[in-house]
Every structure is written in C-alpha cells, then in structure tokens.
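To find a chain, count down the sequence lines: A is the first, B the second, and so on, and within it residues start at 1. This is a predicted model, so every value here is computed, not measured.
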There are 2 protein chains.
Amino acid sequence: MSAALPPLPKPEETVGEPELLQLGPPGDEPCLRADAARNRARLLDAAARLIAEHGVTAVTMEAVAAAANVGKGTVFRRFGDRTGLLNALLDHSERKFQAAFLTGPPPLGPGAPPVERLRAFGIAVLRRSVGELDLQLAAEPGADRRFLVPVRRLHQGHLALLLRQAAPDADGDLLAHTLMGSLNPVLIHHLTRQCGMSLERLEAAWNDLVDRVTRG
Amino acid sequence: MSAALPPLPKPEETVGEPELLQLGPPGDEPCLRADAARNRARLLDAAARLIAEHGVTAVTMEAVAAAANVGKGTVFRRFGDRTGLLNALLDHSERKFQAAFLTGPPPLGPGAPPVERLRAFGIAVLRRSVGELDLQLAAEPGADRRFLVPVRRLHQGHLALLLRQAAPDADGDLLAHTLMGSLNPVLIHHLTRQCGMSLERLEAAWNDLVDRVTRG
DNA sequence: ACCTTAAACGGACCTCGGTCCGGATAGTTA
DNA sequence: TAACTATCCGGACCGAGGTCCGTTTAAGGT
C-alpha cells in the first residue's frame with residue numbers, strides 16, 4: 001500500500017550524494033514552475049518579514065501562508081515542514097559560510113594547516129550563530145531527522161576531513177560529531193543566554209578543545 | 001499581570017539547588033494527596049503498558065489518560081508536559097545509575113582515578129542508552145529546556161568534577177558539555193540505527209576521546 | 001489556437017499538545 | 001459529625017503542525 005503512492009515530489013533539496021564533499025544543497029529552486037517559484041519567493045519574504053516584526057515565534061505556517069497570500073498546503077509542499085522553511089531562511093548565510101570554508105582564503109579555507117582550519121571553523125560557526133540564534137534554534141528538526149540535514153552532514157564531513165589530517169590515528173567521523181556537538185546552537189544558546197557565558201570563553205574553549213583533540 | 005497568578009504548584013521535582021552534586025531529584029511523590037498519588041501511579045503504569053504494547057509513539061497524553069481512567073488535565077498537572085511524563089518513566093533506571101556513579105563501587109563510583117571514572121561513565125551511559133533509546137529520544141525536551149533538565153545537569157556536573165581533576169588546566173564545565181554531547185541519545189540513535197555503527201566502535205571512540213582530552 | 005497532463009494550488013480537516021475553570025474531594029479543625 | 005479549604009479532577013476548548021483531495025493552471029506538443 002505504501003509502495004503504490006504517487007511520486008511525492010520531495011520538497012526542496014534532494015539530500016545530494018552524501019559521500020563526497022560538495023558545495024551545499026545544489027539547487028533550491030532548479031526547475032520550478034513559474035507560479036511555484038513566485039510563491040516560494042513570496043513565502044520566504046513573508047516569513048522574513050514576520051520574523052523581523054514579531055520574532056520567530058510568529059512564524060506560523062498559517063500566518064506565513066496568509067502573509068504571502070497563499071494557501072497553507074503550498075507552504076508545506078514547498079518546504080516540507082516548519083523546520084524546512086526556517087532552514088531555507090538560513091540558506092543565504094549558510095551559502096556564504098560554505099563558500100568561505102570550502103573555497104575561501106585561509107585560515108578558514110584551504111591552504112592553512114588543518115589544526116588552524118579547525119580552529120577557524122569553530123570560531124566562525126560560533127560568531128555566526130550568535131546573530132541567528134533564535135532562528136537556528138527554531139530551525140532544529142525533530143530527533144530523528146536532526147543528523148540527516150544536509151547542511152549538518154556537510155559540516156560534519158568537513159570536520160572529519162580536517163581531523164583525519166590533524167589526528168590520523170583517531171576515529172575522524174566520531175570525533176567530528178563530538179566537535180559538532182560543542183558548536184550546537186542549542187548549547188550556545190544555553191551557555192550564553194541561560195548561563196551568561198561570554199563568547200570569548202566559548203571561543204577559548206573551542207581552541208583548547210581542538211588542541212587537546214589533535215595533539216597526539 | 002503575570003505576577004498575580006496563583007502559585008501554580010510546579011509539577012514534580014523542584015529543580016533542586018543546582019550548585020552542589022546531590023543524589024537525583026529528591027522527592028518525586030513526597031506529599032501528594034492520596035488520590036493524586038494513586039492517579040500518578042496509574043498514569044505511569046498506563047504509560048508503561050502503552051509503550052510495551054504499541055511503542056512510545058502510542059503514548060499520547062489523551063491515550064495515557066484514558067488508559068489510566070483519568071482526565072487529561074490530570075496528566076499535565078502531574079507531569080507538566082509529555083517529556084515530563086516520559087522522564088518520570090526513565091526515573092527508575094536513572095536512580096540506579098546515579099547511585100552507581102555517585103556512591104557505587106569503582107571504577108564507576110568513587111575510589112578510582114578520575115580518568116578511569118570518566119571512561120566508565122561514558123561506557124555505562126552508552127550501554128544504558130541502547131536499551132531505552134526510543135524512550136530517551138521521545139523524552140528529550142524542547143530546545144530551551146533541554147539543558148535545564150535536572151538529570152542532565154547532574155551528569156554534566158559530575159563530568160565537570162572529574163574533568164577538573166583529570167585536566168586541571170582546562171575549562172571543566174565546557175569540556176563536560178562537549179563530552180556530554182558525545183553521549184547524546186539522539187547521536188547514539190543516529191550512529192547506531194541510521195549509520196549502522198557498532199556499540200563497540202562508539203565505546204572505543206569514547207575511551208579515545210577521554211584520553212585525548214585529559215592527557216596534558 | 002487548442003489539448004493534454006503533470007504540477008501546483010488551497011483550504012477543509014485531523015491530531016495532538018497544552019490551557020482553563022467549574023465542580024468534586026481529601027484532609028483538617030472544631 | 002459537620003464545616004471548611006486547599007488541592008485535585010476532568011473534559012471542553014484552543015492553536016498549530018501536518019495531511020488530503022478536488023480544482024486550477026503553467027508548459028509543451030499538435
């Protein structure tokens with residue numbers, strides 16, 4: 001019965017091949033019909049406006065649909081679910097970041113020794129997060145999808161790559177997950193807003209962590 | 001307006017003083033009225049039965065209320081929200097674990113050198129998690145409460161304590177958060193069930209992580 | 001210009017977590 | 001035993017995420 005379902009066009013990015021490092025979700029709006037593309041833009045615009053005016057909690061699927069003069073179903077068809085919409089909102093910033101650490105100048109981009117790139121990566125993530133914290137928190141998917149988000153896998157893969165260079169005798173993949181955990185937006189939120197820690201302290205701890213983990 | 005609200009008895013555990021290490025949430029049903037205590041037991045029983053028969057997804061607040069012959073409001077009054085109920089279900093296992101690492105025999109309990117206790121702690125958490133994974137996943141609270149759950153704070157504090165001994169020159173609290181991240185049930189779920197990794201590999205990675213982080 | 005069809009649209013509808021408040025009751029005091 | 005009150009009970013109610021399906025329409029072929 002579940003095998004006979006219609007194609008179900010799979011909203012947005014097609015998860016991309018997970019094996020190779022590649023620049024981001026390839027196409028967000030590759031071959032959309034004219035009206036679909038127009039509505040997509042309207043929706044993102046409306047969502048951004050809602051956030052700017054009333055905070056991320058005001059981004060209700062119905063509210064954004066109404067603000068975009070679009071049906072509710074359209075929002076879900078395009079973005080899958082609420083976290084999909086929110087992640088799409090983060091896409092711009094994410095693209096820039098990806099470009100920076102994949103092809104940009106050192107120490108974030110290629111050219112610097114791996115330990116320095118690891119340091120720079122964490123610092124960059126931390127600094128980027130403080131500006132978008134509310135959005136990043138709300139954009140976190142449920143437990144069973146959290147680690148399947150393409151963006152996350154890319155970051156994780158990048159860290160694993162650098163770690164395999166900087167600490168060849170370690171389990172790079174798992175170590176990468178550990179490091180990712182220290183950059184988790186929810187943790188940042190807790191430490192900075194619920195514990196009142198300074199960003200400097202987090203940055204120092206990250207650098208120290210990278211040192212400890214990579215020195216053999 | 002928000003200051004004039006009635007006491008709102010605060011469901012379950014009273015968060016306890018966060019500064020000192022102490023054994024778990026002190027009293028779960030300390031001074032409940034007879035009917036309240038009875039209903040609490042009924043609810044936990046009903047929830048456990050539902051899980052055993054239909055999995056954790058069947059634990060709907062309404063379903064458990066109905067199965068316990070109790071009103072829906074009663075469930076919320078007693079447990080606050082769904083994650084509160086689920087956490088209460090985990091309480092038994094958690095108590096045993098706490099006793100083990102707070103006052104039990106080495107290497108988990110006091111008496112062994114900190115590095116060995118760190119190793120043992122992680123292994124214990126990993127092994128315990130595999131059995132209760134579904135429940136632990138569902139029991140994870142929303143982003144803004146996740147790090148405030150008393151149980152979590154206790155574990156974190158314990159790790160921080162050991163780390164301050166094993167790595168005096170590090171930021172123990174933050175390092176503890178990092179280590180906690182590697183034991184996150186959602187991560188365990190992803191690695192074991194979505195990536196097919198073996199428990200042995202996770203355990204090895206944990207031991208290696210403890211080594212790296214503590215050798216100065 | 002017309003036809004065809006795959007894709008998109010929209011909003012009614014469902015489920016479920018969470019809130020509220022009038023009514024019932026356990027425990028206490030007289 | 002009777003009255004009193006703090007606590008608890010229960011289910012109607014609400015909002016928001018997510019699904020469904022009959023209708024509309026863009027895009028390409030004839």
Heavy-atom donor-acceptor pair, Q194(A) side chain to D144(B) backbone, under 3.5 Å = yes

Whether H177(A) and H190(B) hold their rings parallel, tilted or perpendicular, with breakpoints at 30° and 60° | perpendicular

Distance, rounded to the nearest Å, where E62(A) contributes CD and dC14(C) contributes C1' | 13 Å

Rounded off to whole Å, could you give me the CZ-to-P distance for the F79(A) and dT19(D) pair?
-> 16 Å

Out of dA8(C), dC9(D), dG11(C), which nucleotide sits closest to the side chain of T74(B)?
-> dC9(D)

Interatomic distance, F76(A) CZ vs dA16(D) C1' [rounded to whole Å] = 8 Å

Let me know the distance between NZ of K72(A) and P of dA16(D), rounded to the nearest Å.
-> 9 Å

Between M61(A) and A36(B), whichever has its closest DNA chain D nucleotide further toward 5' is A36(B)

Name the residue closer to the 5' end of DNA chain D, choosing between T57(A) and N69(B) according to the nucleotide with the nearest heavy atom.
-> N69(B)

Measure from the side chain of R77(A), starting at C-beta and using heavy atoms only, and say which of dG17(C), dC9(D), dC9(C) lies closest.
-> dC9(C)

OP1, OP2 of dC9(D) versus side-chain N and O of R78(B): anything below 4.0 Å?
-> yes

Backbone of F79(B) reached by a side-chain donor or acceptor of R40(B) within 3.5 Å = no

Could you pick out which residue, T83(B) or D35(B), lies toward the 5' side of DNA chain C when each is mapped onto its nearest nucleotide?
-> T83(B)

So, Q98(A) and E94(A): side-chain donor and acceptor under 3.5 Å apart, yes or no?
-> yes

Of R82(B) and A34(B), the one whose nearest nucleotide on DNA chain C sits closer to the 5' end is R82(B)

Determine the contact category for R33(B): base if any of its heavy atoms lies under 4.0 Å from a base atom, sugar-phosphate if only primed atoms, P, OP1 or OP2 are that close, otherwise nothing.
-> base

Taking CG from D81(A) and P from dT19(D), how many angstroms apart are they, rounded to a whole number?
-> 8 Å

Could you tell me whether the phosphate oxygens of dC9(D), OP1 or OP2, come under 4.0 Å of any side-chain nitrogen or oxygen in N39(B)?
-> yes

Take atom CG of L86(A) and atom P of dA16(D), then tell me their distance rounded to the nearest Å.
-> 15 Å

Other residues, nucleotides, ligands: >12 heavy atoms within 6.0 Å of R145(A) CZ = no

